[in-house]
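The structure appears right after this line, and notes come after that.
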Amino acid sequence: MEKIIIGSDHGGYELKEILKSELLKFDFEVIDAGCPSKASVHFPEIGEKVVREILSGSCKRGILICGTGIGMSIAANRFKGIRATLCHDHLTAELSRQHNNSNILVLGGRLLGDVCAIDIMQTWLNTEFQGGRHQIRLDMVDQCNFE
Ligand code: RB5
């Protein structure tokens, strides 16, 4: 059974709860990194929890949700080895796996309807990385160290 970690701030709390129940239907072991309610929290703290779990190797992939998905993307992508991709629809979910080898799916909880968000998640979970020229480009990204 694959272990997957999911976290959100208050802006993504409701969608997190919906996606958690979907994941359980599909036999994932789900780790909930918070937040535990709609009360206001700081998204970088939750983002870091999810990132650390992935970088430790304990989970291969994770899901982060905030109001727009933008804050969580900025925070998670500060960490080397993290490819957090903000997806809005089926195609961005598919390409984020095929081309970007996304290891964190980021969603905007205040922007997406439930059906669309579930489709994005299922697509992201079930799409393989294509490697080849895309791996060369990801290696280049890993070499980037701009001031
Ligand atoms: C919280 O109000 C909101 O700023 C946050 O959820 C997120 O959208 C930040 O990018």
Side-chain angles (χ1 to χ4, degrees), residues 2-129 134 137-147:
E2 182 182 339
K3 193 160 83 166
I4 190 161
I5 183 158
I6 185 166
S8 76
D9 73 354
H10 50 289
Y13 172 75
E14 285 175 297
L15 183 57
K16 170 169 70 70
E17 295 304 302
I18 291 166
L19 296 185
K20 245 167 65 180
S21 20
E22 285 300 310
L23 286 166
L24 292 170
K25 281 187 211 163
F26 289 98
D27 260 10
F28 282 91
E29 183 188 341
V30 182
I31 302 178
D32 187 341
C35 57
S37 73
K38 285 192 219 168
S40 183
V41 294
H42 301 306
F43 67 79
E45 292 175 349
I46 307 285
E48 186 177 354
K49 272 192 202 171
V50 168
V51 161
R52 298 236 176 256
E53 197 74 12
I54 291 171
L55 293 179
S56 78
S58 160
C59 289
K60 198 174 74 176
R61 46 194 182 167
I63 299 173
L64 281 171
I65 313 166
C66 63
T68 58
I70 296 171
M72 284 295 196
S73 304
I74 293 171
N77 282 313
R78 297 292 298 260
F79 294 81
K80 189 163 184 180
I82 293 299
R83 293 171 302 279
T85 54
L86 176 55
C87 296
H88 295 296
D89 52 26
H90 189 93
L91 184 62
T92 47
E94 195 168 59
L95 290 172
S96 77
R97 289 289 312 132
Q98 289 177 342
H99 291 192
N100 308 117
N101 199 14
S102 167
N103 54 7
I104 298 186
L105 170 65
V106 189
L107 298 170
R110 292 180 177 145
L111 308 180
L112 298 170
D114 302 349
V115 174
C116 177
I118 291 168
D119 174 58
I120 290 172
M121 182 179 76
Q122 283 172 347
T123 305
W124 181 83
L125 287 171
N126 295 321
T127 305
E128 294 296 322
F129 177 49
H134 304 297
R137 292 162 189 167
L138 293 180
D139 291 343
M140 291 171 79
V141 171
D142 277 342
Q143 298 309 314
C144 290
N145 192 11
F146 301 119
E147 292 296 325

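Whatever order the structure lists them in is the order used to number ligands and atoms, beginning at 1. Just so we're clear, the structure is a prediction, and the values are computed from it rather than from any experiment.
Protein heavy atoms are found inside the 4.0 Å sphere centred on atom 10 (O) of ligand 1.
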Derivation of the salt bridge (Lys or Arg N to Asp or Glu O under 4.0 Å) call for D32 and K20: CA-CA 8 Å; D32 187 341; K20 245 167 65 180; 2.7 Å; yes

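Counting heavy atoms from C-beta on, the side chains of F129 and L138 come closer than 4.5 Å.
Ranking the protein heavy atoms by distance from atom 8 (O) of ligand 1 puts T68 N, 2.9 Å first. Looking from atom 7 (C) of ligand 1 to the surrounding protein, the closest heavy atom is C66 SG, 3.4 Å. Here the protein heavy atom with the shortest distance to atom 3 (C) of ligand 1 is R110 NH1, 3.9 Å. The protein heavy-atom contact nearest to atom 5 (C) of ligand 1 is D9 OD2, 3.2 Å.
Side-chain atoms of D119 do not come within 3.5 Å of backbone N or O of Q122 as any donor-acceptor pair. Formation of a donor-acceptor pair under 3.5 Å by the R97 side chain with backbone atoms of E128 is not found in this model.
For the pair H10 and ligand 1, a heavy-atom separation below 4.0 Å is found.
Defined by atom type and a distance below 3.5 Å, a donor-acceptor pair is present between the side-chain atoms of S58 and E53.
Any N or O atom pair closer than 3.5 Å counts here, and G69 shares no such pair with ligand 1. Backbone and side-chain nitrogen or oxygen atoms of G71 are examined, and one is located within less than 3.5 angstrom of a nitrogen or oxygen of ligand 1.
Residue contact check: G67 has heavy atoms under 4.0 Å from atoms 5 (C), 6 (O), 7 (C), 8 (O) of ligand 1.
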